[in-house]
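For reference, the structure discussed in these notes is given below.
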Amino acid sequence: MALPDYVTDANAVMGDEAAWRHGRAPDYTKTRQVWAETKKKSHEAGSLPDLVEKLVKNWEVEASFKTDLKDWRTIDRPNYTFAVNGGPPQTGEHMLKVGTYNAILAPNQYYCPMHNDFEQSHKTFKRMMPTFAWEVLEVYSGPPVVAFRWRHWGTFKEDYSGFDPEGKKVTLPAHGGLIDIEGIAVAKVNDKLQLQSVEVWFDPQAMFRQMVEKPAAPAEASS
């Protein structure tokens with residue numbers, strides 16, 4: 001049986017006819033370029049890490065930009081849930097309502113999901129970090145339960161502006177340095193390699209610490 005395109009092509013779902021958030025599919029050209037130039041791992045095409053990486057990239061596009069859950073091809077819709085750091089499983093409908101950032105980030109002194117809706121959260125982080133690349137570092141087990149370590153990174157190019165738990169505006173100056181986050185995920189998939197459940201573990205304060213601490217050197221493109 002042929003593998004589904006969403007595990008063989010990182011941009012597969014962007015060719016779909018779907019209810020897109022801004023009326024059209026997003027353009028990930030710059031993000032994919034940053035990924036290619038500054039990633040830590042290069043997986044062999046068709047290997048398990050390569051398939052997992054492409055599945056998650058397509059899922060992220062759908063979760064961020066497809067406004068109708070029926071259009072999400074990367075998930076097993078009746079069974080799909082998403083959880084962070086041992087928290088309660090959330091539905092796809094919940095993520096559609098609050099947004100991918102708010103589904104993952106916990107309240108802290110710089111940001112609160114209750115005071116930043118879907119659109120505001122995406123504008124906030126897209127503005128400060130125009131590209132936020134993602135890669136799989138290691139895969140520890142194969143289907144149907146896929147455990148893997150991941151990395152998410154970008155450059156803090158523009159000032160951050162968000163709202164804290166009291167609803168007060170918080171601004172942090174851009175330092176031009178690297179924001180680099182790693183975590184673990186365990187995903188259950190069906191026989192079509194669609195996500196049935198995703199559990200993510202990471203330090204939700206890591207990004208904000210790196211925003212205020214002395215920055216690491218920006219990632220350099222490989223020659």
Side-chain angles (χ1 to χ4, degrees), residues 1-36 39 43 45-46 48-84 89-105 113 116-136 143-144 146 148 150 152-154 185-200:
M1 183 178 69
L3 292 170
D5 62 350
Y6 47 78
V7 302
T8 61
D9 177 0
N11 301 310
V13 301
M14 287 193 244
D16 295 352
E17 290 187 9
W20 293 104
R21 185 161 301 279
H22 303 296
R24 62 184 184 279
D27 184 355
Y28 272 56
T29 302
K30 292 181 179 178
T31 298
R32 300 294 191 243
Q33 180 179 356
V34 169
W35 165 81
K39 62 185 177 178
H43 305 300
L48 182 58
D50 177 66
L51 300 179
V52 173
E53 187 170 83
K54 289 170 178 172
L55 170 60
V56 176
K57 285 182 176 181
N58 278 299
W59 166 82
E60 187 274 329
V61 170
E62 293 192 313
S64 297
F65 293 99
K66 286 185 175 181
T67 60
D68 190 333
L69 204 65
K70 294 193 299 292
D71 291 333
W72 294 23
R73 295 198 287 125
T74 57
I75 67 169
D76 180 352
R77 287 191 297 273
N79 299 301
Y80 172 77
T81 59
F82 182 89
V84 178
Q90 302 288 350
T91 64
E93 287 84 356
H94 173 78
M95 185 169 282
L96 274 177
K97 180 180 179 181
V98 304
T100 50
Y101 287 104
N102 287 340
I104 293 172
L105 293 175
N116 297 269
D117 63 17
F118 192 125
E119 293 297 332
Q120 180 64 35
S121 65
H122 277 252
K123 287 179 180 177
T124 292
F125 295 109
K126 179 70 173 177
R127 185 185 301 115
M128 63 162 273
M129 196 160 45
T131 60
F132 201 16
W134 190 91
E135 68 174 328
V136 164
V146 185
F148 57 95
W150 52 265
H152 215 356
W153 76 100
V186 176
K188 293 181 180 179
V189 298
N190 63 14
D191 58 358
K192 297 179 182 178
L193 301 182
Q194 292 173 315
L195 297 165
Q196 295 182 307
S197 68
V198 181
E199 296 180 86
V200 174

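Residue indices begin at 1 and follow the sequence shown.
In this structure the side chain of H122 reaches within 4.5 angstrom of the side chain of S64, judged on heavy atoms. No side-chain heavy atom of W72 sits less than 4.5 Å from a side-chain heavy atom of Q194. F82 places a side-chain heavy atom less than 4.5 Å from the side chain of I104. Side-chain contact between L96 and R21 is present, with heavy atoms from C-beta onward closer than 4.5 Å. Counting heavy atoms from C-beta outward, L48 and F148 have side chains that stay 4.5 Å or more apart. By the 4.5 Å heavy-atom criterion applied to side chains, K57 and W35 are counted as neighbours. Residues W20 and K66 meet the side-chain proximity criterion, which asks for heavy atoms closer than 4.5 Å. At a threshold of 4.5 Å between non-hydrogen side-chain atoms, the residues V98 and Q90 do not count as touching.
Under the ring-ring contact (aromatic ring centres under 6.0 Å, His included) criterion, Y6 pairs with no residue at all, not counting sequence neighbours. D5 is linked by a salt bridge (charged side-chain N to carboxylate O under 4.0 Å, His left out) to R73, counting only residues two or more places apart in sequence or in another chain. Under the ring-ring contact (aromatic ring centres under 6.0 Å, His included) criterion, F65 pairs with no residue at all, not counting sequence neighbours.
Residue Y80 holds its OH atom at 10.0 Å from CD of E93, rounded to the nearest 0.5 Å. Put simply, CE on M14 and OH on Y28 are 6.5 Å apart, with the number rounded to the nearest 0.5 Å.
The shortest non-hydrogen separation linking T100 to A63 is CG2-CB, 3.7 Å. Listed here is the closest heavy atom pair of T31 and P130: OG1-O, 4.4 Å. Residues L3 and V7 share a closest heavy-atom pair of CB-CG2, 4.0 Å. Nearest approach of E62 to D16, heavy atoms of both residues: OE2-OD2, 4.2 Å. Minimum heavy-atom separation, Q196 to N190: NE2-CB, 3.6 Å. Heavy-atom minimum distance, L105 versus P113: O-CG, 3.4 Å.
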| task | Please assess E53 against W150 for the test side-chain contact (heavy atoms from CB on, under 4.5 Å), listing each intermediate value before the final yes or no. | result | CA-CA 9 Å; E53 187 170 83; W150 52 265; over 6 Å; no
| request: Walk me through it: do L69 and I75 pass the test side-chain contact (heavy atoms from CB on, under 4.5 Å)? | output: CA-CA 9 Å; L69 204 65; I75 67 169; 4.0 Å; yes
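Side-chain atoms of N102 come within 3.5 Å of backbone atoms of N116 as a donor-acceptor pair (strictly under, hydrogens ignored). No donor-acceptor pair under 3.5 Å is formed between the side chain of D50 and the backbone N or O of H43. At least one donor-acceptor pair closer than 3.5 Å links the side chain of R32 to the backbone N or O of A10.
For E119, the CD atom sits in a packed shell: over 12 heavy atoms of surrounding residues, nucleotides or ligands are nearer than 6.0 Å.
Among the candidates F132, Y101, F118, the single residue satisfying the ring pair (Phe, Tyr, Trp, His ring centres under 6.0 Å) test with F125 is Y101.
Side-chain contact annotation: T29 with Q33, donor-acceptor N/O pair under 3.5 Å absent.
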